[in-house]
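Small disclaimer: the values here were computed from a predicted structure and weren't measured. Within every chain, numbering begins at 1; the chains are lettered A, B, ... in the order of the sequence lines, protein sequences first and strands thereafter.
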Amino acid sequence: MLDKRYSHQAVEQGKYDFWLKNKYFSTHDLTKTPFSIVIPPPNVTGKLHLGHALDTIPADILIRYKKAQGYDSMWLPGMDHAGIATQAKVAERLRKEGIDYHSLGREGFLKQAWAWKDEYASTIHKQWAALGLALDYPKERFTLDDKLNQCVNKVFVSLYNKGLIYQGERIINWDPELKTALSNVEVIHKKDPGTLWYFKYQIVDSNESLIVATTRPETMFGDTAVFVNPKDKRYKHLIGKKCYNPVNGDKLPIMGDSYVDLSFGTGAMKCTPAHDPNDFALANKYNLEKVIVMDESAHMNEKAGVYQGLDRYECRKRVINDLKDKGLLLKEEKIEHEVGHSERSDAVVEPYLSKQWFVKMKPLADAVLKLQKSKKKINFFPARFSKTMIQWMENIDDWCISRQLWWGHRIPVYYKKDGTGMVVSETAPKDIENYRQDEDVLDTWFSSGLWPFSTLNWPDTNDSDYQRYFPTSLMVTGYDLIFFWVSRMVFQSLEFTKEPPFKQCLIHGLIRDELGRKMSKTLGNGVDPFDVIAKYGVDALRYFLTTCSSPGLDMRYDENKVEASANYLNKIWNSARYVLDILGPNFKAETIPFKKLPITEQYIISRLNETIEQVTRNMEKYELGAASSHLYNFVYDDFCSFYLEMSKLTSQNVATKNTLYQVLRGVILMIYPYTPFITEEIYQNLPEHLKSIMLESYPQVDKKAISKEAVAKANLLNSMIKDIRNYKTSNKLAPNLPVNLTIITSDNLFPDFDKYLARFTFAKKVDIVKEGQNQGVIFTYPNATLVVNLEIDKDEMKARLTKELANINNEIKRSEGLLNNQNFVSKAPAAKLQLEKEKYQKHLATKKSLEEKLKAL
RNA sequence: GGAUGCUUAGCUCAGCUGGGAGAGCAUCGCCUUUACACGGCGGAGGUCGUGGGUUCGAUCCCCUCAGCAUCCACCA
């Protein structure tokens, strides 16, 4: 028997272990069609937050739904080593212990990092369990597992051999705090207020001078030219001459190139090839020297002369002051410009000339573009996100994949110590003592990009899991990962498996705080999902996260809605309690043919089937919110408010009992994927049940068990109930005021119609007659009149009926307008036309009846 | 500079391929009715951002504008 109150603590207790122990997440029926998802691997950097819950719960719902639908669901768990993020955290922890991580050396540091990983992996496991995720743990992977590492090496070597990975000296995004290169997507551009300083450059052997504006005076030590636009009349005559660099007196050639924008600054631009990507391109074009002026922590190097050793911003200040003193600073102009910040450290990224490894993107991106134009294309939900990926792929730059870190996949490149060459190989050379392995590791996203197939044991393409579950069925992730991850999985997979990594991709938005702000540590507005779970239960959290949102859009955390979710679950809980009480301990389900059921039972079964149809249709489109709202309406309006109350009259009938049982089963099986804990509890209390709700099948629509007539008949009853209740309330009458009712109709109402009506409206007496007097408060329906026998004010009655008549006349006018409109009659769909005609007839009948009533008054 | 999304009840948001707008919370009134006060019943509250267009018919499709938000982009 269920407890009187729904207690989420009690309900959740032990369920997850029960599922695990019975291997429900990891038992696979190979005769069924597979449905597979690989989890977006969380970083081993900390606790899971609400965003993770939003990322995993929809997937869990679909995994459970598909399993119930008869698929072999497989959800593969795993975690990501998260190179930069984890290394930064481990280094920070060591620093707090007073240890400079460099002092440990590579091996020593990695030991610490692995210990960290084990610690956080165990936290993440607990949190997955708390969220109730149906993960196939025996298949769990970690991006730094040996097998995955081999996979990474194979991919690297293969791309290298094809010329798709190369080493090059280029301007990259340098994080001076973490001292590593970054890829373009790891740089966040923020609008920063900046200053444009105008400096005077003296022309060599001339009295003339040139004014050059820059936002970065500290890089002037690396200038190797000044550019103007050859079309610029102001400066045309200076091209070919030289000017003095104000910071060090170097002679800089004045050159012309159309790249220079005449309208920006003074139209004269300093060129710093080693610290600006555009200047770098110009330097390549004109074969200019590239002078690096900073070290890896963005402090000035020996090229900066007296400024050597200063931080770049300190240097900037000094240079400005010194030039000001010399009278060379002519103007300061405040401007707003975009400045790149490191995604991880938030340090201002320094464009830095450096030797790094790159992936040549064009051919790989082209394959993705081709895929999305083909029949095999990946379907995105919502569809517009395909365009997001495509547009990125169309404008993609080469991908810088080397990172100056220790925690990650070490680049499988070995340099001969004698400097005579290098070997790129999946395994270390046999005479390793003669080699030195590349010190760098790969971008985390390089291995993440292989995730859907590396976890399924690629390159062993004969592996049974690979054969069965790859390509995976669905990817569920946030739109913020389309560039970082989704697109990279797609091109890596196309390149190595010749298949897309997943057939469909469900994209969700971000969760924000109650005010719509991003949750962040600095704002301190983060919500810990485990606080929510403690207060409202994980089922309420799951329900809230997946139903109070729209696919692809951001959502706000709203505690009220979590509470409302919990209340809904309480409603289901109590309806179950009622049903179980009615069924009693000895209930045995039997199948009663639909046509033999009473009308009220036919009605609720019809609505149940309609609901199954609506819910299933939306689940298939991954519209979790829409699916749940159909069920919600059914549970409240049809089941609890109406049928369940009606059933109290006939609760001992076999038909009623079986119907209650069937409807309750349908409801909990449909909501089960959203809220597995409470539904498992209710399910196991059903008189007849399997060992777990996880073994159950999803309800199927029985189209033969839908009777529109039964629904209409029940709705007539419902309308009368509502009208009487409404009348009582609006006339300040007590809801339980006894009344006598007369129904005048030539139609056959269903048996016990009067008894139901009496129960719901506190009527002492209900007469059903074919013809009768209209003495009292009158309500009209297409083929019936309801008379409430009360002493009433005739004027008031008249006014009410007149108002109703006016409404009906409006409806009739509208219907006539449509039906007399030849365009409508000829162009509207036949079903719509038919519906309108029926409505029209109903309205006419009601009108006639109303007019009679008014006349009688 | 490009691109996308959003604008619907006091608040937060639904509204499926066009056919008289819904939920939760808040609010007002009534009800301790034997599943549920984590409740029940009933009500009030919307010119569906602006202006056009397509259509028999537009919250929904197209265009314009406005406001908000996000993403992308090397303008020194």
Subject >> Inter-nucleotide P distance (B:G46, B:A23), Å rounded >> reply: 15 Å
Subject >> NZ/NE/NH1/NH2 to OD/OE distance under 4.0 Å, A:E350 and A:R216 >> reply: yes
**OP:** For nucleotides B:G22 and B:A9, find the distance between their C1' atoms and express it as a whole number of Å.
**Re:** 10 Å
Original post:
Do we get A:R800 above A:F779's six-membered ring, with its NZ or CZ under 6.0 Å from the centre and within 45° of the axis?
Top reply: yes
**OP:** Using whole Å, report how far CG of A:L664 lies from C1' of B:A35.
**Re:** 11 Å
Subject >> Between B:G43 and B:G24 - P atom distance, rounded Å >> reply: 14 Å
Original post:
Considering heavy-atom distances to RNA chain B, does A:N633 or A:Y479 have its closest nucleotide positioned more toward the 5' end?
Top reply: A:N633
**OP:** Please work out if A:E338 contacts a base, only the sugar-phosphate, or nothing of the nucleic acid, heavy-atom cut-off 4.0 Å.
**Re:** base
Original post:
Rounded to the nearest Å, what distance is computed from the CD atom of residue A:E816 to the C1' atom of nucleotide B:G20?
Top reply: 17 Å
Original post:
NA contact type, A:C640, heavy-atom cut-off 4.0 Å: base, sugar-phosphate, or nothing?
Top reply: base
Original post:
Given the P atoms of B:U12 and B:A26, what is the spacing between them in whole Å?
Top reply: 15 Å
**OP:** Using a heavy-atom cut-off of under 4.0 Å over every strand shown, decide if A:R5 touches base, sugar-phosphate, or nothing.
**Re:** base
**OP:** With sequence neighbours excluded, tell me which residues meet side chain to side chain contact (heavy atoms under 4.5 Å, CB included) with A:P217.
**Re:** A:W197, A:F199, A:T214, A:M220, A:R316, A:V319, A:I320
Original post:
Checking all strands, does A:N278 fall into the base, sugar-phosphate, or nothing category for heavy-atom contacts under 4.0 angstrom?
Top reply: base
Original post:
Has A:R170 got its NZ or CZ under 6.0 Å from the middle of the six-membered ring of A:F280, at an angle within 45 degrees of the ring axis?
Top reply: no
Subject >> Presence of salt bridge, A:R234 and A:D232, under 4.0 angstrom >> reply: yes
Original post:
Is any side-chain nitrogen or oxygen of A:K732 closer than 4.0 Å to OP1 or OP2 of B:G42?
Top reply: no
Original post:
When rounded to the nearest Å, what value does the distance between P atoms of B:G15 and B:G5 take?
Top reply: 15 Å
Original post:
Which residues within residues 548-568 of chain A lie with some heavy atom under 4.0 Å of an atom in RNA chain B?
Top reply: A:S550, A:L553, A:R556, A:N560, A:K561, A:A564, A:N567
**OP:** Keeping the roles fixed (side chain from A:R542, backbone from A:Y674), state whether a donor-acceptor pair exists under 3.5 Å.
**Re:** yes
**OP:** Please figure out whether A:G267 or A:G625 has its closest RNA chain B nucleotide nearer the 5' end.
**Re:** A:G625
Original post:
How is the base pairing of RNA chain B summarised as a dot-bracket string, given the Watson-Crick and G-U wobble criteria with both distances under 3.5 Å, [ ] for crossing and | for another strand?
Top reply: (((((((..((((.....[..)))).(((((.......))))).....(.(((..]....))).))))))))....
**OP:** Check whether NZ of the Lys or CZ of the Arg A:K561 lies under 6.0 Å from the centre of the six-membered ring of A:Y543 and within 45 degrees of that ring's axis.
**Re:** no
Subject >> Donor/acceptor link under 3.5 angstrom from A:E645 side chain onto base of B:A35 >> reply: yes
Subject >> B:G40 to B:C25 separation - P atoms, rounded to the nearest Å >> reply: 9 Å
Original post:
Is the distance from OP1 or OP2 of B:G43 to the nearest side-chain N or O of A:N726 less than 4.0 Å?
Top reply: yes
Original post:
Between A:N574 (side chain) and A:N570 (backbone), is there a donor-acceptor pair under 3.5 Å?
Top reply: yes
**OP:** Determine the contact category for A:V260: base if any of its heavy atoms lies under 4.0 Å from a base atom, sugar-phosphate if only primed atoms, P, OP1 or OP2 are that close, otherwise nothing.
**Re:** base
Subject >> Presence of salt bridge, A:E838 and A:K842, under 4.0 angstrom >> reply: no
Original post:
Quantified in whole Å, what is the C1' atom distance between nucleotide B:G49 and nucleotide B:C60?
Top reply: 15 Å
**OP:** May I ask you to say what A:S629 touches in the nucleic acid, namely base, sugar-phosphate or nothing, with a heavy-atom cut-off under 4.0 Å?
**Re:** nothing
Original post:
Salt bridge between A:K648 and A:E645, side-chain N to carboxylate O under 4.0 Å?
Top reply: yes
Original post:
Can you tell me how far P in B:G10 sits from the matching atom in B:G57, rounded to whole Å?
Top reply: 30 Å
